[in-house]
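Below is a structure I'd like to ask you about.
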Amino acid sequence: MTDYVLGDRGTVQVMTDDYYDAEILQIFEELLIDRERVWNGEVRLVPEPDNPYQPQTIAVYAEELKLGRLSAEDSAAYWGPITRVVASGYDAVTRMQLSAVLRGVTGETHIESSGQLSLSAPGSLFPLNNAPTQATLLPQGPSMKVLDEKDHSEYLHSILPPSGEGRVILSLENNQMKLADGRVVDSVDVLHDRKVVGRLSTQISEQLAPVIRYAYEHDKLTSAWGTIRGNSFELSLTVQAVRPSEIPAQWFQELPKYLPELLPSAPAYEVPPAYVATEGEATRSSAPKKKRSLMPSRPAASEGTTAEAHGSEAVPNPVASSSLGLQRISVLLGLVGGLILVAGLVLVFFKPLLGVLGIVLGASLAFLALFVGRDNSYTEEEVSADPLEH
């Protein structure tokens, strides 16, 4: 299908973080924990009249990957304009910025993501006028002020919509202008429906002149999106087009128009069923969705461990056996240490040096027995807290 590029002078949030993790992961191919990545690209807005969960939803696709959807409120607001484009036989396209990051919580990971469309308000998606038949349309970009528009204020007030703002298609024509110092420079005139309504600055004109000449040599007029704003007292006119250095090579090859003719405005338009469930939507339920884990939170238990945990027979505990052995050693060390300590106290009156050695050795053995006994008590507490007993 032919693309219909929508007005992009605004932003609309896309709901991405509940049922689209698998598709978003395909966009980035790889995500690292706590390292956000950003993707910018062209997307299609696809109306889903048959969405079983939210009738008349507008889904957002990058190629064949569904990356999200508009909220119920935004879907309702944009339903008429988007279905008009689709019913006319075109794809409604705009640009999207998608950010995603992998988060880890207690051994599990999940994707956090957000998306934002470059999309004008519903009433400004389409221009107030049509592009000339043989026109090629420059890609949309930053605003460039149109000069001398006040010299054409009467005509511009006649096309200003009651809302005070509207999108228009403007034509750009390159001419020559002689400066006061005698130099001749390029000057790009701005036209609305073949009527001159201003001009671009000399600097911008010099940059755009080669592009306009190239299109003219290929039997094309150069057009661009524009915005008119104002009231009964004043107004302004701007051109929204990318800088010449940023125009993609494909544009020069195709010289596209982007704005084919749409069906006449109507209360409603019929569009075909388009709902295709993502992996997340396929398991969707009325309950709040839990973040899907991208890796197991803990190793799976072995068959042997499971059998021990649920078996009815007693299982020997090596920790308990070790505890009993330590208890016996502690008692023995205490007895030996006590005997040597008493002997040392007696000998200190007859053979002082030998008595002091006996006291030191006996005391050391007694303290060692105390240490082993205390360590043994900790081991017994751990054994009593063994989860297998519960």
Check: T16 side chain, S113 main-chain N or O, donor-acceptor pair, under 3.5 Å = yes
In sequence, state the C-alpha distance, the side-chain angles, and the governing distance for E48 and K66, and then conclude on salt bridge (Lys or Arg N to Asp or Glu O under 4.0 Å).
-> CA-CA 12 Å; E48 297 178 336; K66 188 194 291 191; 2.9 Å; yes
Trace of the side-chain hydrogen bond (donor to acceptor under 3.5 Å, both in side chains) decision for T227 with Q240 | CA-CA 8 Å; T227 300; Q240 286 83 47; 2.9 Å; yes
Check F126 against L6 and note the closest heavy-atom contact, atom names and distance.
-> CE2-CD2, 4.0 Å
Nearest heavy-atom neighbours spanning L102 and L31 = CD2-O, 3.6 Å
Under the 3.5 angstrom rule, does the side chain of W251 hit a backbone N or O of L137 as a donor-acceptor pair?
-> yes
Got a second to check how far S153's OG is from F233's CZ, nearest 0.5 Å?
-> 13.5 Å
Donor-acceptor contact below 3.5 Å, side chain Y61 vs main chain G68 = no
Go through the side-chain N and O atoms of S205 and S187 and say whether any donor and acceptor fall under 3.5 Å apart.
-> no
Any chain of hydrophobic side-chain contacts (each under 4.5 Å) joining M144 to I228?
-> yes
When rounded to the nearest 0.5 angstrom, what distance separates CG in L200 from CG in L172?
-> 6.0 Å
Decide side-chain contact (heavy atoms from CB on, under 4.5 Å) for D74 and I58; before the verdict, give the C-alpha distance in whole Å, the side-chain angles of both, and the deciding distance to 0.1 Å.
-> CA-CA 9 Å; D74 287 334; I58 296 178; over 6 Å; no
Greater than 12 external heavy atoms within 6.0 Å of E63's CD | no
Mind checking whether I204 and V242 sit in one hydrophobic cluster, side chains of I, L, V, M, F, W, Y counted as touching below 4.5 Å?
-> yes
Go through the side-chain N and O atoms of R69 and Y19 and say whether any donor and acceptor fall under 3.5 Å apart.
-> no
Spacing of CG belonging to N51 relative to OG1 belonging to T57, to within rounding of 0.5 Å = 4.0 Å
Heavy atoms of I27 and L98 approach each other most closely as CG2-CD2, 4.4 Å
Looking at R95 and E42, does any basic side-chain N land under 4.0 Å from a carboxylate oxygen?
-> no
Are side-chain N/O atoms of D186 and Q176 paired as donor and acceptor at under 3.5 Å?
-> yes
Test: D193 and K195 ion pair at under 4.0 Å | no
Identify which one of V86, D3, V93 satisfies the side-chain contact (heavy atoms from CB on, under 4.5 Å) criterion when paired with R44.
-> V93
Kindly say whether R84 contributes a backbone atom to a donor-acceptor pair with the side chain of S88 at under 3.5 angstrom?
-> yes
Between E23 and L65 the two heavy atoms that sit nearest each other are O-CD1, 3.9 Å
Rounded distance (nearest 0.5 Å) linking atom CG of L119 with atom CG of L125 = 5.0 Å
Is it true that a side-chain atom of D8 and a backbone atom of S118 form a donor plus acceptor pair closer than 3.5 Å?
-> no
Does R199 pair with D148 as a salt bridge, N-O distance under 4.0 Å?
-> yes
So, the side chain of E36 versus the backbone of S99: is there a donor-acceptor pair under 3.5 Å, distance only?
-> no
R167 to G7 - nearest heavy-atom pair and separation | NH1-CA, 3.5 Å
Going by atom types only, do Y20 and E281 share a side-chain donor-acceptor pair under 3.5 Å?
-> yes
Nearest heavy-atom approach of M96 to L117 is CB-CD2, 3.7 Å
L25 and I111: CA distance, side-chain angles, deciding distance, side-chain contact (heavy atoms from CB on, under 4.5 Å) verdict | CA-CA 8 Å; L25 192 57; I111 294 175; 4.3 Å; yes
Examine I169 and V196 and state if one hydrophobic cluster contains both, with Ile, Leu, Val, Met, Phe, Trp and Tyr joined whenever side-chain heavy atoms are less than 4.5 Å apart.
-> no
Would you check if the side chain of S143 reaches a backbone N or O of V239 as a donor-acceptor pair within less than 3.5 Å?
-> no
For H192, what residues pass the ring-ring contact (aromatic ring centres under 6.0 Å, His included) criterion, not counting sequence neighbours?
-> Y155
Cluster overlap W39 with V60, hydrophobic side-chain contacts below 4.5 Å = yes
Hydrophobic cluster partners of L263 (side-chain heavy atoms under 4.5 Å) | Y269
Taking only residues two or more places apart in sequence, or in another chain, which ones meet H218 in a ring-ring contact (aromatic ring centres under 6.0 Å, His included)?
-> Y214
